S.K.: 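One structure coming up, written as structure tokens, with questions to follow.
Bear in mind that the values here come from a model prediction, so they are computed numbers and not experimental data. Chain letters run A, B, ... following the sequence lines, proteins first, then strands; residues in each count from 1.
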Amino acid sequence: MSTKENTPENAAIASTETVRPEARKPRGFQDKRAHLIATERHLVDKVSEVYSKWGFEALDTGPFEYVDALGKFLPDTDRPNEGVFALEDDDDQWMALRYDHTAPLARFVAENWNNIPKPFRRYSAGPVYRNEKPGPFRFREFIQCDADAVGASGPAADAEMIAIASEAMQACGAAVGDYAIRVNTRQLLDGVMQAADVTDPNKRLIVLRALDKMDRLGVEGVSELLGGGRKDESGDFTEGAGLSSASIDTLLQFAQAGRDTRSETLEALAAIANKNEVGTQGLEDLAAIHSILNGLGVTDQMATFDPAIVRGLEYYTGPVFEAELLKEFKDEKGRLMRFGSVGGGGRYDDLIARFTGDLVPATGFSVGISRLAAVLAAENESENKADGPVVVLALQREHMADYCSLAAQLRAIGVKAEVYLGTSGMKAQMKYANRRKAPAVVIVGNQERESGKVTVKDLVAGAKAAENISDNAEWRETRPGQFEATRDDFAAKIKAVVEANNA
RNA sequence: GCCGUCUUAGCUCAGUUGGUUAGAGCGCCUGGUUGUGGACCAGGAGGUCCCAGGUUCGAGACCCGGAGGCGGUACCA
């Protein structure tokens, strides 16, 4: 309604000077409609099924944790929300929305140490929250499906997680070859940095961050970041690590040692990474993981070794892995878009120690459902499936009881159905049914009431039959897709139509 | 956070050196058809030109500040 019109009502509204809020969605959050919700649920179910099959039990903790339990984010100012959404409880304690499922798990395990079986294998699926800059398919609330094994040391536990990651990707609909699980270990990275004489902790961070960008920036960009620094295409400059060219060579050679098969990569790494104890340890771990993956039937197409994988810096302590979707998608404007990582994980052996002081080995993997779902849903949106409810037209309002009973008969045999509850005429009701993606409408007006029959219109068949009709008179007379039924068999006939559509 | 860029109808966008009443396509609503979703035809509704200040006789356009979107980059447990 325009408030510019000078009607008495509008004058009254204007005179109260109501401040109306702007209807707008908080940025980084999604309004999810039926199609997206269904896609997300489907993916969560599929991944959970995989985790459950491998012997992980379900666990749901609440969305909030006290900030000290979440990790390094402490409330030292009025707004301790660097990266997280935090608030102060009425007992003056700061709490924050979880940013992943691992920190709450660590808290749960530490809190219930005496009452849970060790190793503790659990999975969690639910929303997590990050207070950071959103991007396309990058949200501030998103669903993660996470599986972790706490109290499980040794390469077998890591290899299992990798196998599970691969299975989870397939459960999400990615065929072998459409995704890749890339594996590395912290020990190899530590070893090569030692070999390249990078000892300064600050420089080690810069080096790890630089290596992590191998896929995006390529050898040249990473080389700049290891050396003097890099200027990006917007003109912004990123400080480099300032390493010698010999050190840079060592690191680049290492980062490019990834091959198509795991055994080839192991060979390539053997010559580079055995310069010191920690590197040798990393090599042995990878070799052990390799042989267990073989035993699990995880092929080179499913999981490879990639020395350029880094992941969370002050978090992982051993093997790390990342799940990437290789398939390319087109966005709504037809632009080709790839989005890399849809999941990741690794070994974190000192997360629980924060609470208990005891080192507890743990390894886990997590899939980001929301990005996958948003893309899959966008991809399938064009599919015009008539998956809405059957609509019973309300042509004579004095017969609402009858219309409600017709709809009830449909629901009784498992067909989604509703009575039109608006106030518009038949034409508008037909449009409504069309928009609801109704497979059929039930028409009972004067004519049907006299004959005692029910008219059913199959909207899918009708639309198909109408494709070749351009003359409106013919369109109206033909009544494409319509048929008569009795009050006893109309429900069964509609059910048959719905089932034929879904087949 | 930093750099760049953009913001006009529900959507996609035009809008001349700064000059009358700001336009198009699509979508939406109504009618042609008081019992029919499509197509066609006719008509209609819909605007804080992102916000705020300034220059000017006059600003959608120019200047300053801000917000938001997009892209890059940094950070990312």
S.K.: Please measure how far the C1' atom in B:U8 lies from the corresponding atom in B:G23, and state the result in whole Å.
M.R.: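 That atom pair is separated by 10 Å.
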
S.K.: Nearest-Å distance, CE (A:Met430) to C1' (B:G37)?
M.R.: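 The answer, rounded to whole Å, is 5 Å.
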
S.K.: Watson-Crick or G-U wobble partner for B:G18, using a 3.5 Å limit on both distances?
M.R.: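 Partner of B:G18: none found under 3.5 Å.
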
S.K.: Given atom CZ of A:Phe237 and atom P of B:G1, what is their separation to the nearest angstrom?
M.R.: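 For the pair A:Phe237 CZ and B:G1 P, the rounded distance is 22 Å.
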
S.K.: My understanding is that a pair needs two contacts under 3.5 Å, Watson-Crick or G-U wobble. By that rule, which nucleotide pairs with B:U5?
M.R.: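 Looking at the geometry, B:U5 pairs with B:G69.
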
S.K.: For A:Glu467 and for A:Thr238, locate the closest nucleotide of RNA chain B by heavy-atom distance; then report the residue assigned to the nucleotide nearer the 5' terminus.
M.R.: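 First, find each residue's nearest nucleotide; the 5'-ward one identifies A:Glu467.
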
S.K.: Could you tell me how far apart A:Glu132 (CD) and B:C2 (C1') are, to the nearest whole angstrom?
M.R.: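 Distance check: A:Glu132 CD to B:C2 C1' gives 17 Å.
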
S.K.: Does any nucleotide pair with B:G44 by Watson-Crick or G-U wobble geometry, both distances under 3.5 Å, and what is it?
M.R.: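 Here B:G44 is engaged in a pair, and the nucleotide opposite it is B:C28.
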
S.K.: Round to a whole Å and report the spacing from NZ of A:Lys231 to C1' of B:C2.
M.R.: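 Taking NZ of A:Lys231 and C1' of B:C2, I get 14 Å after rounding.
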
S.K.: Given B:C76, B:A77, B:U36, identify the nucleotide with an atom nearest to the side chain of A:Lys457.
M.R.: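 Between B:C76, B:A77, B:U36, the one nearest the side chain of A:Lys457 would be B:U36.
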
S.K.: B:U33 pairs with which nucleotide, Watson-Crick or G-U wobble, both distances below 3.5 Å?
M.R.: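 Answer to the pairing question: none, since B:U33 forms no Watson-Crick or G-U pair.
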
S.K.: Side chains of A:Glu484 and A:Thr455: do they bring a donor and an acceptor to under 3.5 Å?
M.R.: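 Judged by distance alone, the side chains do not pair up.
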
S.K.: Roughly how many Å apart are B:A14 and B:A24, using the P atom of each and rounding to a whole number?
M.R.: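 B:A24 and B:A14 have their P atoms separated by 16 Å.
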
S.K.: If the C1' atom of B:A59 is compared with that of B:C70, how far apart are they to the nearest Å?
M.R.: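 Going atom to atom, C1' in each nucleotide, I get 26 Å.
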
S.K.: If the cut-off is 4.0 Å, is A:Lys213 near the phosphate of B:C76, judged by side-chain N/O to OP1 or OP2?
M.R.: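 For B:C76, neither OP1 nor OP2 has a side-chain N or O of A:Lys213 closer than 4.0 Å.
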
S.K.: Take the angle between the ring planes of A:Phe85 and A:Tyr129 and call it parallel below 30°, perpendicular above 60°, tilted in between.
M.R.: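 Plane angle over 60°, so perpendicular.
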
S.K.: Write down the distance between CG (A:Asp471) and P (B:G38), rounded to a whole number of angstrom.
M.R.: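 Rounded to whole Å, this separation is 15 Å.
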
S.K.: Suppose you measure atom C1' in B:G43 against the same atom in B:U7; what distance do you get, rounded to whole Å?
M.R.: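 These two C1' atoms come out 33 Å apart once rounded.
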
S.K.: How far does the P atom of B:U12 sit from the matching atom of B:G27, given to the nearest Å?
M.R.: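 Rounded to whole Å, the distance is 15 Å.
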
S.K.: The side chain of A:Lys133 lies closest to which of these nucleotides: B:A77, B:G37, B:G72?
M.R.: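 Nearest nucleotide to the side chain: B:G72.
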
S.K.: Reading nucleotides 27-35 of chain B 5' to 3', which nucleotides get B (base under 4.0 Å from a protein heavy atom), which S (sugar-phosphate only), which -?
M.R.: -SS---B-B

S.K.: Which value, in whole Å, describes the distance between the P atoms of nucleotides B:U21 and B:G25?
M.R.: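 To the nearest whole Å, 23 Å.
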
S.K.: Taking A:Arg138 first and then A:Glu132, would you say they form a salt bridge - that is, a charged N and a carboxylate O separated by under 4.0 Å?
M.R.: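 Result for this pair is yes, salt bridge flagged.
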
S.K.: Quick one: on RNA chain B, does A:Leu225 or A:Val460 contact a more 5' nucleotide (nearest heavy atom)?
M.R.: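 Upstream on the strand: A:Val460.
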
S.K.: So what does A:Gly462 touch, heavy atoms closer than 4.0 Å: a base, only the sugar-phosphate, or nothing?
M.R.: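 Base contact.
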
S.K.: Check this one for me: any side-chain N or O of A:Arg209 less than 4.0 Å away from OP1 or OP2 of B:C75?
M.R.: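 Yes, such a contact exists.
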
S.K.: Do any N or O atoms from the side chain of A:Tyr315 and from the backbone of A:Gly346 form a donor-acceptor pair under 3.5 angstrom?
M.R.: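 A pair under 3.5 Å: no.
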
S.K.: A:Arg347 pairs by side chain to side chain donor-acceptor pair (under 3.5 Å) with which of A:Thr363, A:Asp158, A:Thr317?
M.R.: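 With A:Arg347 as partner, side chain to side chain donor-acceptor pair (under 3.5 Å) holds for just one option, A:Asp158.
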
S.K.: Ion pair present between A:Asp190 and A:Arg204, side-chain N to carboxylate O less than 4.0 angstrom?
M.R.: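 The answer is yes: the pair qualifies as a salt bridge.
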
S.K.: Can you check the distance between B:C3 and B:A9, where both ends of the measurement are the C1' atom (answer in whole Å)?
M.R.: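 Their C1' atoms lie roughly 33 Å apart.
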
S.K.: Under a 4.0 Å threshold between the charged nitrogen and the carboxylate oxygen, would A:Arg121 count as salt-bridged to A:Glu160?
M.R.: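 So A:Glu160 pairs with A:Arg121 through a salt bridge.
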
S.K.: Remember a base hit wins even if backbone is also touched, and classify A:Ala463 as base, sugar-phosphate or nothing at under 4.0 Å, heavy atoms.
M.R.: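 Answer is base: heavy atoms of A:Ala463 come under 4.0 Å of a base.
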
S.K.: What integer distance in Å separates A:Glu239:CD from B:C3:P?
M.R.: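 Between P of B:C3 and CD of A:Glu239: 17 Å.
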
S.K.: A:Asn202 has an atom CG; how far is it from atom P of B:C75, in whole Å?
M.R.: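 From A:Asn202 CG to B:C75 P: 12 Å.
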
S.K.: For A:Tyr432, which of A:Arg436, A:Arg435, A:Gln429 qualifies under side chain to side chain donor-acceptor pair (under 3.5 Å)?
M.R.: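 Among A:Arg436, A:Arg435, A:Gln429, the one that satisfies the side chain to side chain donor-acceptor pair (under 3.5 Å) with A:Tyr432 is A:Arg436.
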
S.K.: Where the side chain of A:Arg216 is defined as all heavy atoms beyond and including C-beta, which of B:G37, B:U73, B:A77 is the nearest nucleotide?
M.R.: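 Of B:G37, B:U73, B:A77, B:U73 is nearest to the side chain of A:Arg216.
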
S.K.: Run the side chain to side chain contact (heavy atoms under 4.5 Å, CB included) check on A:Arg487 and A:Asp402 step by step: do they pass?
M.R.: CA-CA 11 Å; A:Arg487 282 184 165 262; A:Asp402 183 44; 2.8 Å; yes

S.K.: Does the structure show A:Trp475 stacking with B:A39, if we require the centres to be closer than 5.5 Å and the planes to be within less than 30 degrees of parallel?
M.R.: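 A:Trp475 ring does not meet the centre or angle cut-off for B:A39; no stack.
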
S.K.: Expressed as a whole number of Å, how far does the C1' atom of B:U56 sit from that of B:U17?
M.R.: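 Approximately 15 Å lies between the C1' atom of B:U56 and that of B:U17.
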
S.K.: In whole Å, what is the span from the CZ atom of A:Arg138 to the P atom of B:C70?
M.R.: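 Between P of B:C70 and CZ of A:Arg138: 13 Å.
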
